[in-house]
Colleague: 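Supplied in structure tokens, the structure appears directly below.
Because only heavy atoms are used, hydrogens play no part in the values below, and waters and symmetry mates are left out as well, while side chains stay in. Order of listing sets the numbers, starting from 1, for every ligand and every atom in it.
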Amino acid sequence: MTVLATDIRPRPLSDHVTTVLRSVRHRSPGEEVFHQAVEEVLSTLGPVLERHPEYVEARILERLCEPERQLMFRVPWVDDTGQIHVNRGYRVEFNSALGPFKGGLRFHPTVDLGTIRFLGFEQIFKNALTGQGIGAGKGGSDFDPPGRSEAEIMRFCQSFVTELYRHLGEHTDIPAGDIRVGVRELGYMFGQYKRIVNRFEAGVLTGKGIGWAGSHARTEATGYGAVFFLREMLATRGKNLDGLRAVVSGSGNVAIYAIEKAHELGTTVIACSDSGGYVVDENGIDVALLKDVKEVRRARLFEYAAARPSATYVTEGSVFDVACDVVLPCATQNELGHEHAATLIRHGVLAVSEGANMPCTARAVALFREAGVLFGPGKAANAGGVATSALEMQQNAARTSWSRAETASRLEEIMREIHAHTRRNAATYAEDPDDYVAGAAIGGFVRVADAMLAQGVV
Ligand code: NDP
């Protein structure tokens with residue numbers, strides 16, 4: 001089926017939603033990704049607001065779009081040569097109606113307030129969808145770890161937490177990892193927090209190491225969860241993952257474990273990428289080699305191709321040019337545009353499951369919808385990561401540790417329930433169970449809105 005960008009029909013917006021969107025744009029100029037995320041959610045809410053005028057009266061939309069608190073702070077640190085650097089730190093505590101603020105930290109030179117606000121806003125609906133009693137927050141810094149020594153990364157993390165610690169707490173705000181923040185960075189932050197507060201407060205961070213109050217399956221959870229969500233979507237059309245060919249973008253935490261789970265379930269992942277280019281490997285990506293290159297050696301993806309005769313490293317075009325049956329975009333926001341979507345549709349793609357946060361542009365999403373491609377938005381498809389963080393918090397609170405099998409099976413069950421809840425809401429409000437974009441936004445929104453109503457004007 002050929003779908004042109006000109007075929008896209010935008011969702012109709014009510015006057016109330018149009019007014020709120022205008023105000024959001026006016027009050028946060030220049031924050032395009034935040035506006036995009038807000039518009040994606042609000043544009044689906046018309047039928048809910050019609051049935052529930054009390055949400056409009058209580059100004060739930062206006063309150064949802066305004067973080068409860070947002071922090072920006074100086075992060076000074078000294079490099080190995082004695083030179084002083086100053087980065088900027090962020091934490092946006094978006095909504096605590098369902099539980100303590102919860103969401104990751106991203107260290108990347110592109111991080112700015114708008115990026116963190118977009119990620120924090122997404123987290124509201126994602127965390128609500130998990131049903132795990134967690135509020136929403138996000139943070140990070142424009143610090144860039146690659147090329148920095150271990151000692152420099154440790155000093156940066158310590159300086160970052162020396163300011164942020166006063167806002168954290170197992171009942172208040174609980175960060176985790178995100179782009180370029182993994183167990184190493186979280187370890188340095190946890191150590192500094194513990195030193196400052198003089199308490200081993202295990203539940204203050206998630207994504208910790210297994211040996212120091214971390215949870216089994218947390219590292220794998222986001223990627224595995226995105227594949228479980230994909231499997232559930234395909235099942236609604238009587239299909240399974242066996243024998244399919246997949247493309248995964250990125251080659252970091254989410255991508256690696258999406259590839260691992262896809263292979264386990266019978267799908268061959270033939271391509272993945274990093275910001276330098278992409279690898280095509282018709283024999284299927286060798287996950288052990290990818291882990292060695294990316295997790296152990298922290299090297300670039302071309303080193304994977306250099307070590308694998310069946311692989312080709314490509315720097316022209318995009319990983320989404322590779323023909324496949326299913327796609328898991330697992331790198332970063334807006335990496336898959338409408339021209340990529342058109343190519344994938346031409347190649348007959350069946351389903352897209354977003355491992356990353358908002359990796360598909362609004363026009364790409366609309367093209368997939370018009371073409372009947374199953375599309376799992378990140379707030380549902382990648383919620384396995386934060387859901388397993390909530391399982392880590394449960395284990396920390398009970399001072400216990402579940403087996404890998406126990407945690408992994410809870411993750412699988414949670415993803416199944418998120419999928420079912422998303423479809424139920426899509427069917428009820430959008431009258432189309434395949435409208436996962438509406439189902440995820442509404443499924444999360446109703447839970448948060450009801451809690452906000454019950455808790456009064458705060
Ligand atoms: P990692 O840092 O482990 O990996 C990120 C990958 O994406 C790397 O391969 C990186 O390539 C690539 N990438 C990052 N920025 C860009 C860019 N601007 N252009 C092209 N490629 C880029 O991060 P994660 O795997 O943890 O996160 C990936 C996505 O998943 C993010 O959107 C994150 O918000 C989302 N997510 C993560 C969760 C988690 O549990 N970690 C939970 C839910 C969502 P390079 O190394 O060259 O930069």
Colleague: Give me the ring orientation class for F107 and F156: parallel if the planes are under 30° apart, tilted from 30 to 60°, perpendicular past 60°.
Modeller: perpendicular
Colleague: Report the nearest protein non-hydrogen atom to atom 27 (O) of ligand 1: residue, atom name, distance rounded to 0.1 Å.
Modeller: I179 CG1, 3.7 Å
Colleague: So which protein heavy atom does atom 34 (O) of ligand 1 come closest to, and at what separation?
Modeller: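 Answer for atom 34 (O) of ligand 1: D178 OD1, 2.6 Å.
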Colleague: Which ligand 1 atoms does C330 reach within 4.0 Å, using its non-hydrogen atoms?
Modeller: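 Result: 28 (C), 29 (C).
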Colleague: Any chance the side chains of T130 and N127 put a donor and an acceptor closer than 3.5 Å?
Modeller: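 No, N127 and T130 have no side-chain donor paired with an acceptor closer than 3.5 Å.
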Colleague: Over all heavy atoms of both residues, which pair between L129 and G443 is shortest? Give the atoms and the distance, please.
Modeller: CD2-C, 3.9 Å
Colleague: Hey, which of Q123, E354, E40 is the one that makes side chain to side chain donor-acceptor pair (under 3.5 Å) with K379?
Modeller: E40
Colleague: Taking 4.0 Å as the limit for heavy-atom contacts, which would you say applies to R106 with ligand 1: side chain only, backbone only, both, or neither?
Modeller: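 Looking at R106 and ligand 1, just side chain atoms fall under 4.0 Å.
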Colleague: Does a side chain donor of either Y193 or Q158 reach within less than 3.5 Å of an acceptor in the other side chain?
Modeller: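 No.
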Colleague: Which of the numbered atoms in ligand 1 are below 4.0 angstrom from a heavy atom of G250?
Modeller: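 Taking each heavy atom of G250 in turn, ligand 1 has 9 (O) under 4.0 Å.
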Colleague: Should the proximity of E295 to ligand 1, defined as any heavy atom under 4.0 Å, be assigned to the side chain, the backbone, both, or neither?
Modeller: neither
Colleague: Would you mind finding which of G252, A221, S275 brings a heavy atom closest to atom 21 (N) of ligand 1?
Modeller: S275
Colleague: Answer with yes or no whether the side chains of H85 and D79 bring together a donor and an acceptor at under 3.5 Å.
Modeller: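 The answer is yes; a qualifying pair exists.
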Colleague: Tell me if the aromatic rings of F160 and W77 count as close, with their centers under 6.0 Å from one another.
Modeller: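 No, too far apart.
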Colleague: Can you tell me how far apart CG (L105) and NZ (K138) are? Round to the nearest 0.5 Å.
Modeller: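 It is 8.0 Å, given to the nearest 0.5 Å.
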Colleague: Below the 3.5 angstrom mark, is there an N/O of R218, backbone or side chain, next to an N/O of ligand 1?
Modeller: yes
Colleague: Report the nearest protein non-hydrogen atom to atom 16 (C) of ligand 1: residue, atom name, distance rounded to 0.1 Å.
Modeller: T332 CG2, 3.6 Å
Colleague: Using a strict cut-off of 4.0 Å, indicate which atoms of ligand 1 neighbour a heavy atom of H108.
Modeller: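 Listed by number with element, the hits are 15 (N).
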Colleague: Would you say atom 10 (C) of ligand 1 has a protein heavy atom nearer than 4.0 Å?
Modeller: no
Colleague: Applying the salt bridge (Lys or Arg N to Asp or Glu O under 4.0 Å) test to R25, which of E32, E39, E31 qualifies?
Modeller: E39
Colleague: Among protein heavy atoms, which lies nearest atom 3 (O) of ligand 1, and at what distance?
Modeller: N253 N, 2.8 Å
Colleague: Would M358 count as a contact residue for ligand 1, given that I'm defining contact as a non-hydrogen atom of the residue lying under 4.0 Å from a ligand atom?
Modeller: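 Outside the 4.0 Å threshold, so no.
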Colleague: Consider ligand 1: state whether an atom of it lies below 4.0 angstrom from any non-hydrogen atom of Q333.
Modeller: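 Q333 does not count as a contact of ligand 1 under the 4.0 Å cut-off.
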Colleague: Out of all atoms in ligand 1, which are within 4.0 Å of some heavy atom of N357? Include the element for each.
Modeller: 32 (O), 33 (C), 34 (O), 35 (C), 36 (N), 44 (C)
Colleague: Relative to atom 28 (C) of ligand 1, which among A331, G384, G177 owns the nearest non-hydrogen atom?
Modeller: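 It is A331 whose heavy atom sits nearest to atom 28 (C) of ligand 1.
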Colleague: Record the part of T222 in heavy-atom contact with ligand 1 below 4.0 Å; permitted values are side chain, backbone, both and neither.
Modeller: side chain
Colleague: Heavy atom under 4.0 Å from ligand 1: found in S249's side chain, backbone, both, or neither?
Modeller: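 Within the 4.0 Å criterion, S249 makes no contact with ligand 1.
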Colleague: Do NZ/NE/NH1/NH2 and the carboxylate oxygens of D173 and K102 come within less than 4.0 Å?
Modeller: no
Colleague: Taking NZ, NE, NH1 and NH2 as the nitrogens, is one of them in R423 or E232 under 4.0 Å from a carboxylate oxygen of the other?
Modeller: no
Colleague: Nearest protein heavy atom to atom 46 (O) of ligand 1, by residue and atom, and its distance?
Modeller: R300 NH1, 3.5 Å
Colleague: Is there a polar contact between ligand 1 and V254, counting only N or O atoms under 3.5 Å apart?
Modeller: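 N/O-N/O distance below 3.5 Å exists for this pair.
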Colleague: Which pair of non-hydrogen atoms, one from L230 and one from A351, has the smallest distance, and what is that distance?
Modeller: CD1-CB, 3.6 Å
Colleague: Look at ligand 1 and say whether R180 reaches it with a heavy atom at a distance under 4.0 Å.
Modeller: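 The answer is yes, since R180 has a heavy atom less than 4.0 Å from ligand 1.
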Colleague: For R88, does the CZ atom sit with more than 12 other heavy atoms under 6.0 Å from it, leaving out its own atoms?
Modeller: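 No, because the 6.0 Å sphere around CZ of R88 holds 12 heavy atoms or fewer from other groups.
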